[in-house]
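Here's the structure we're looking at; comments come further down.
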2 protein chains.
Amino acid sequence: MNIAWDDLRTVLMLVRHQTLAGAGAALSINYTTVARRIRRVETGLGHLLFERSADGYRPTEAARIVASHAENMETSEFDLRRKLQGINPELSGCLTITAPQLLISHFLAPVLDQFDRAFPQIELRILATNDILDLTRLEADLAIRISRNPGDMLKGLRLLKQENASFAAPGMAAQIQSDPKAMIDWIVYDAIPNVPQGIDPTYPNNRVRFRFDDMVAMLGAAQAGLGVVRVPMFLGRAVAGLVEVPVLPPQPYSDVWVVGHPDVWPSEKARAFREVLIAYCKQHRANFTS
Amino acid sequence: MNIAWDDLRTVLMLVRHQTLAGAGAALSINYTTVARRIRRVETGLGHLLFERSADGYRPTEAARIVASHAENMETSEFDLRRKLQGINPELSGCLTITAPQLLISHFLAPVLDQFDRAFPQIELRILATNDILDLTRLEADLAIRISRNPGDMLKGLRLLKQENASFAAPGMAAQIQSDPKAMIDWIVYDAIPNVPQGIDPTYPNNRVRFRFDDMVAMLGAAQAGLGVVRVPMFLGRAVAGLVEVPVLPPQPYSDVWVVGHPDVWPSEKARAFREVLIAYCKQHRANFTS
DNA sequence: GCAAATACACGCGTTTTTGCACGAAGGTCG
DNA sequence: CGACCTTCGTGCAAAAACGCGTGTATTTGC
């Protein structure tokens, strides 16, 4: 008569992943165990939940109903874990931060060092990705993001105003300076596949030479002298082998924010990290604008 | 990192019951297991959840937070089980009905017999109680209730209009008839502790002799000739050793309803039971009014 | 048309979880 | 003040759950 809640979670995972192995991996258990739990919950509820086939378990209508309620339970679990994280007074344990790779590698790395020295009991976990992680699902405790506002229902603090500008390898920079009317090759980001707006009329001839989907590769190409890139000012300045070129005058760009879920935001560990982070940003804010 | 949902339920039960043994009984597990699970979830979450003392486990603030979220999960579980019950097309398995004891013993018993003969695959479970069971928590699938409306958010169908009247043992009835002006002793229900209103002026002298908290005992007392009772008409007529006395003319009384949760209501088993029930009530509705 | 890959089913040995019996501590009542 | 009741903690054996290896069916790719 009594149904195990963990079995409901197993159903949810199987509905999501369609295969025993996939669900097992998501739960960090063997797929055989998934199969056993499914059989158990099926007999317990008195409903067939999946049609077994050679290419996986196909959920029945009943399974979808189970899954949707298990999803509510999962939401409650995340709510709970965030709340507990928020009231945790310890300055020890794990703290997960996410930020764009390039922001970490070319600017934030010293913050990590400082924080680790100041709070050696806290194990810092860094997720360096351009993906927008789901802070509601506790994929990270705090996120450092480049955007116009915190977004969603998140709490946020603006760390830095920033501008972007045009950069190129020194050789190319010299060539542009010596012949402003010559054709200027641009390396642009896939998402905005045109020559930037607002180019100084001194340089009338511009074209897109390459479109990239990855900023790291773009910087490499620019370093190799393949063209001019528009990047945030801190980044162009921080990358060796690039110099600013006056083709594109500095323009306002999305700001740098630290954001977090309201539940997690007040936690001691998050507060401690923000303190170190804010101090560091204040100290180096000149890097971000002209 | 991963927290077992069943452990959260265990925390919920311990917060509710305060003692390991109580929580264990509620979960049908040994109390040592409760203690072990609590320890496990405490280390898993990194929060102390209970203060151990000789008279039980006292929840901390963190435990209350866990419990409140586990309560949401429990609600989801009940939602789920009702939904599944509602879409269950089987005419087999268990069906739980609740009704007031006296309604069952003096009127509904034949329905149970008929239903069991018509649907032998369905195991009928009867909760004969005057308590209002929580259909949301699936304490019963259907309830037969004496009330003015279905109540809550429940679906309902009015089965019978009924009236009540005054009954007494034959000896007492004869005495009342022979001497209408003599003092008439009443046996009344605790909840309404006065002589009923609307008594025929032919019988001017009335007093409360006993107040009871239990209807079965009241009937016994009336059978023994201790006084006059006001009861639903079907009941006075069905009980051996009582006859109607004209002291209190028949009055409208709360009706008989069958009610159920909207999720469970459309289930095949519930539908089948209602069919038998309604037919039986139609056939015998004359018993309930004058 | 055949081989590789993928996915499930089943049986066996191991690990984990659970229940039970016993003992200690604190509170209650005569 | 002492017997009794309730409650929790611990050690041990039984039971349940689990992971692994093997076998089979079906799909995919060449």
Side-chain angles (χ1 to χ4, degrees), chain A residues 1-64 66-67 70 73-74 77, chain B residues 1-64 66-67 70 73-74 77:
Chain A
M1 202 70 212
N2 223 0
I3 189 77
W5 287 5
D6 284 305
D7 289 356
L8 298 181
R9 167 148 71 168
T10 308
V11 173
L12 171 60
M13 287 305 172
L14 186 51
V15 169
R16 280 193 183 146
H17 292 91
Q18 313 281 1
T19 71
L20 295 179
L27 291 164
S28 310
I29 58 175
N30 191 283
Y31 74 94
T32 320
T33 302
V34 176
R36 275 188 286 246
R37 289 190 187 171
I38 296 301
R39 269 197 293 274
R40 185 170 59 193
V41 74
E42 277 181 337
T43 61
L45 292 176
H47 284 263
L48 183 75
L49 295 180
F50 295 89
E51 283 160 20
R52 279 77 168 162
S53 73
D55 63 335
Y57 273 50
R58 195 175 26 227
T60 64
E61 187 53 32
R64 286 186 212 288
V66 174
M73 298 172 79
E74 190 191 41
E77 187 205 335
Chain B
M1 203 70 211
N2 224 1
I3 189 77
W5 286 4
D6 284 305
D7 288 357
L8 298 180
R9 168 149 68 169
T10 307
V11 172
L12 172 60
M13 288 306 172
L14 186 50
V15 169
R16 281 193 183 147
H17 292 90
Q18 314 280 0
T19 71
L20 294 180
L27 291 164
S28 310
I29 57 176
N30 193 283
Y31 74 95
T32 31
T33 303
V34 177
R36 278 187 285 246
R37 289 190 186 171
I38 296 301
R39 271 198 292 275
R40 184 170 60 192
V41 73
E42 279 182 335
T43 62
L45 292 176
H47 284 264
L48 184 75
L49 294 180
F50 295 89
E51 284 161 19
R52 278 79 169 161
S53 75
D55 62 335
Y57 274 49
R58 195 177 24 229
T60 63
E61 186 53 32
R64 286 186 212 286
V66 173
M73 297 172 79
E74 190 191 42
E77 188 206 334

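Letters A, B, ... mirror the listed sequences (proteins, then strands); counts begin at 1. The analysis underlying the following values was restricted to heavy atoms, covering all of them including side chains, and did not include hydrogens, waters or symmetry mates.
Counting only heavy atoms from C-beta outward, the side chains of B:Met13 and B:Glu74 approach each other to under 4.5 Å. A 4.5 Å side-chain heavy-atom check between B:Gln18 and B:Tyr57 finds every atom pair outside the cut-off. Looking at A:Met73 and A:Leu12, their side chains never come closer than 4.5 Å, going by heavy atoms from C-beta outward. Residues B:Val41 and B:Thr10 fail the side-chain proximity criterion, which asks for heavy atoms closer than 4.5 Å.
Look at B:Arg40 and you'll find a side-chain N or O under 4.0 angstrom from OP1 or OP2 of C:dT17. Dashed line: the shortest gap from a side-chain N or O of A:Tyr57 to OP1 or OP2 of C:dA9 is under 4.0 Å.
Taking every heavy atom of residues 25-34 of chain A and every atom of DNA chain C, pairs under 4.0 Å involve A:Tyr31, A:Thr32, by number.
Checked by distance alone, B:Arg36 brings a side-chain donor or acceptor within 3.5 Å of a matching partner on the base of C:dG19.
The CG atom of A:Asp6 sits 15 Å away from the C1' atom of D:dA16 (whole-angstrom rounding). Distance CG (B:Leu20) to P (D:dT10): 12 Å, rounded to an integer number of Å. Rounding to whole angstrom units, CD of residue A:Gln18 and P of C:dC8 are separated by 10 Å. For the pair A:Arg58 CZ and D:dT27 P, the interatomic distance rounds to 11 Å; values are reported in whole Å. One can place NE2 of A:His17 at 17 Å from P of C:dT6, the figure rounded to the nearest angstrom. Rounded to an integer number of Å, the gap from B:Phe50 CZ to D:dG9 P is 12 Å. Taking atom CD1 on A:Ile38 and atom P on D:dC18, their separation rounds to 12 Å, with Å as the unit. A straight line from CG of A:Asp7 to C1' of D:dA17 spans 11 Å, rounded to a whole angstrom.
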Residues A:Val34, A:His17; criterion side-chain contact (heavy atoms from CB on, under 4.5 Å); working and verdict: CA-CA 12 Å; A:Val34 176; A:His17 292 91; over 6 Å; no

Intermediate values then yes/no, side-chain contact (heavy atoms from CB on, under 4.5 Å), B:His47 and B:Val66: CA-CA 10 Å; B:His47 284 264; B:Val66 173; over 6 Å; no

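Over its length, the helix from C:dG1-D:dC30 to C:dG30-D:dC1 turns its helix axis by 30°, as judged from the five terminal pairs at each end, rounded to 10°.
Each of B:Thr19 and A:Asp55 was assigned the nucleotide of DNA chain D with the nearest heavy atom; the assignment lying further toward the 5' end belongs to B:Thr19.
One N or O on the side chain of B:Glu42 and one on the backbone of B:Phe50 form a donor-acceptor pair closer than 3.5 Å. Between the side chain of B:Arg58 and the main chain of B:Gly56, no donor-acceptor pair closer than 3.5 Å is present.
With values rounded to the nearest 0.5 angstrom, A:Ile3 atom CD1 is found 4.0 Å from A:Leu45 atom CG.
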